2 protein chains.
Amino acid sequence: MDTKVDTRPSQDCKNCSLRKLSGLRPLSVPELKFVQDFKSGELACDPGMTLIAESAYSPHLYTVLDGWGFRYKTLEDGRRQILNFVVPGDMVGLQGAVLKYMDHSVEALTPMRLCVFERERFFSLFEQHADLAFDVTWIASREECILDEHLLSVGRRSALERSAYLLAFLYYRGLTSGLISKGRAHLPVTQALIADTLGLSIVHTNKTLKKLAARKLVAWKEKGCEILDADGLCAVAQWEPRAEAERPFI
Amino acid sequence: MDTKVDTRPSQDCKNCSLRKLSGLRPLSVPELKFVQDFKSGELACDPGMTLIAESAYSPHLYTVLDGWGFRYKTLEDGRRQILNFVVPGDMVGLQGAVLKYMDHSVEALTPMRLCVFERERFFSLFEQHADLAFDVTWIASREECILDEHLLSVGRRSALERSAYLLAFLYYRGLTSGLISKGRAHLPVTQALIADTLGLSIVHTNKTLKKLAARKLVAWKEKGCEILDADGLCAVAQWEPRAEAERPFI
DNA sequence: CGCCTGCTTGAACGCTATCAAAAAACGTGG
DNA sequence: CCACGTTTTTTGATAGCGTTCAAGCAGGCG
């Protein structure tokens with residue numbers, strides 16, 4: 001449960017491990033230079049660690065370099081709703097940087113590595129690089145788009161459809177962010193997490209997942225979920241992933 | 001059900017009817033000048049009109065000047081989920097302008113008036129006015145924030161809590177956007193709309209709303225909902241509205 | 001007046017929650 | 001490598017919240 005901020009001089013953004021991912025918008029030389037200067041360090045953290053706590057002020061803004069995490073909110077009596085998962089390329093704490101308050105918490109699901117920025121200097125990005133500013137807005141809009149689909153899912157899909165949608169969704173997010181590959185499609189989630197994302201009880205989630213397993217769409221092993229047939233999941237969910245053109249990454 | 005685009009020279013932004021609303025960030029003279037030039041017209045439309053259709057390309061981007069509307073998505077078999085409501089000051093079609101695709105539809109609930117912009121020129125806003133670009137990101141982030149709360153609501157609140165939350169939420173949105181006042185708190189929504197927002201059936205929505213009415217929190221009249229006790233609704237919902245500092249408006 | 005939309009009500013069904021408990025997997029320290 | 005506590009998964013039984021089906025009523029509009 002410990003955290004360590006890397007105090008070595010910031011890693012070179014040009015050789016950022018994420019840059020080799022296909023589907024990322026390449027940065028121009030001046031942009032890269034700006035980002036390199038904007039970056040104030042790296043953060044590595046262990047599973048279970050809270051990156052950002054609801055309503056607590058954080059002076060930082062992050063970009064995920066590696067690992068899985070998730071965003072959630074809770075009601076006063078403890079009921080929890082997971083809002084979305086974060087993967088490499090996602091920004092963490094953007095709401096806080098823009099609105100000046102955080103309305104949700106973010107927790108690491110696996111060991112994570114993050115790129116650290118100072119909120120104070122966030123506005124300079126808008127002043128100096130219109131392209132990067134547009135990218136930030138793009139990222140915020142895509143998050144909105146994902147939330148729209150989740151809301152449709154929780155509001156109108158049955159338990160079986162919902163589960164299928166979520167697993168397919170996580171599969172594609174894992175693929176496009178390089179966390180998994182078609183051969184190694186293992187999602188590091190517990191059934192309790194799935195339940196809190198779908199708005200279902202743990203017991204019923206378990207029974208529903210068993211049905212998907214019976215259809216050979218997924219398998220539960222090694223404390224996580226193996227995706228066996230993503231197309232099958234999509235069919236059950238009445239959903240298909242959007243083929244994304246080029247994704248910005250800051 | 002007809003639409004009319006106002007072909008007269010664009011109304012003066014400086015005297016925009018919305019500018020007198022309290023809580024809006026005032027624009028500088030150059031910003032105002034830019035917005036005035038950016039604006040390409042006004043659109044007036046009647047209730048029931050679809051402003052933007054899912055997956056259809058629209059060359060426009062709007063800001064709401066007057067009236068209520070709502071965003072929604074549907075599944076192939078017709079099940080519908082309302083994602084959020086739009087009120088004066090909100091942008092409509094931002095997702096489309098940034099991501100290049102629309103994933104939801106937008107429909108007018110009451111007669112609406114909108115300010116029309118050209119998507120093509122949207123990027124120039126980022127190039128020329130960092131402050132306005134930041135405002136756009138602010139608007140996107142706040143939408144995300146609202147969706148987070150809706151998701152928590154649909155996922156984890158009971159039918160009664162959910163209804164109370166939604167009505168309180170609409171009440172405060174109406175207030176801050178000048179559509180209603182404390183004396184005249186009438187929301188122009190049908191129970192079918194409420195049902196599609198909460199992810200409930202119409203029948204059960206009706207029974208749930210009756211319970212709120214029995215507690216004297218709301219009253220159903222004139223084809224809409226009268227808010228009698230917003231604090232009471234908040235208490236039922238375990239929710240309280242956030243006191244917003246200054247809201248940008250483009 | 002008659003149709004259409006929106007609100008209301010009752011009854012029966014069923015999906016999902018809750019309760020309870022056990023089995024399995026995992027992590028840790030001896 | 002084993003023992004033990006903890007977390008996660010699994011299963012069965014029961015209860016209840018919310019859905020679906022089926023009418024009936026009220027108000028607005030041509």
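Quick note on labels: first sequence line is chain A, next is B, and so on, each numbered from 1. Remember, it's a predicted structure, so these values are computed and weren't measured experimentally.
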Polar contact flag, side-chain donor to acceptor under 3.5 angstrom, B:Arg162-B:Thr208: no
Sugar-phosphate, base or nothing in reach of B:Gly224, heavy atoms under 4.0 Å: nothing
Sugar-phosphate, base or nothing in reach of A:Lys207, heavy atoms under 4.0 Å: base
Member of A:Glu143, A:Glu107, A:Gln81 meeting the side chain to side chain donor-acceptor pair (under 3.5 Å) criterion with A:Arg71: A:Glu143
Between D:dT6 (C1') and A:Lys223 (NZ): distance, integer Å: 10 Å
Atom-pair distance (CG on B:Leu109; C1' on C:dG6), nearest Å: 14 Å
Nucleotide of C:dT9, D:dT10, C:dC7 approaching B:Trp220 most closely (side-chain heavy atoms): C:dC7
Nucleotide nearest B:His204 when distance is taken to its side chain, options C:dC7, C:dT18, D:dT19: D:dT19
Distance in angstrom units between A:Gln191 CD and C:dA17 P, rounded: 14 Å
Separation of atom CG in A:Leu187 from atom P in D:dT8, rounded to whole Å: 17 Å
Touch class at under 4.0 angstrom, heavy-atom based, for B:Ile202 against every strand present: nothing
Interatomic distance, B:Leu198 CG vs D:dC17 C1' [rounded to whole Å]: 15 Å
Value in whole Å for how far the P atom of C:dG27 lies from CD of A:Glu222: 11 Å
Residue A:Asn206, side-chain heavy atoms: nucleotide from C:dG6, D:dT10, D:dT8 that is nearest: D:dT10
Euclidean distance, B:Ile194 CD1 relative to B:Trp220 CH2, rounded to 0.5 Å: 4.5 Å
Closest listed nucleotide, where the reference is the side chain of A:Thr190 and the choices are C:dG6, D:dG18, D:dT9: D:dT9
Aromatic plane relationship, A:Phe85 with A:Phe70 - under 30° parallel, 30 to 60° tilted, over 60° perpendicular: tilted
Residue mapping more 5' on DNA chain C - nearest nucleotide basis, A:Arg162 or B:Val189: B:Val189
Value in whole Å for how far the C1' atom of C:dA17 lies from CG of A:Asp196: 14 Å
Nearest-neighbour nucleotide for the B:Lys210 side chain, D:dG18, C:dT9, D:dT8 considered: C:dT9
Sugar-phosphate only, base, or nothing, as touched by B:Ser201 at under 4.0 Å among non-hydrogen atoms: base
B:Thr110 OG1 to B:Asp66 CG distance, which is reported to the nearest 0.5 Å: 7.0 Å
Value in whole Å for how far the C1' atom of C:dA24 lies from NZ of A:Lys221: 16 Å
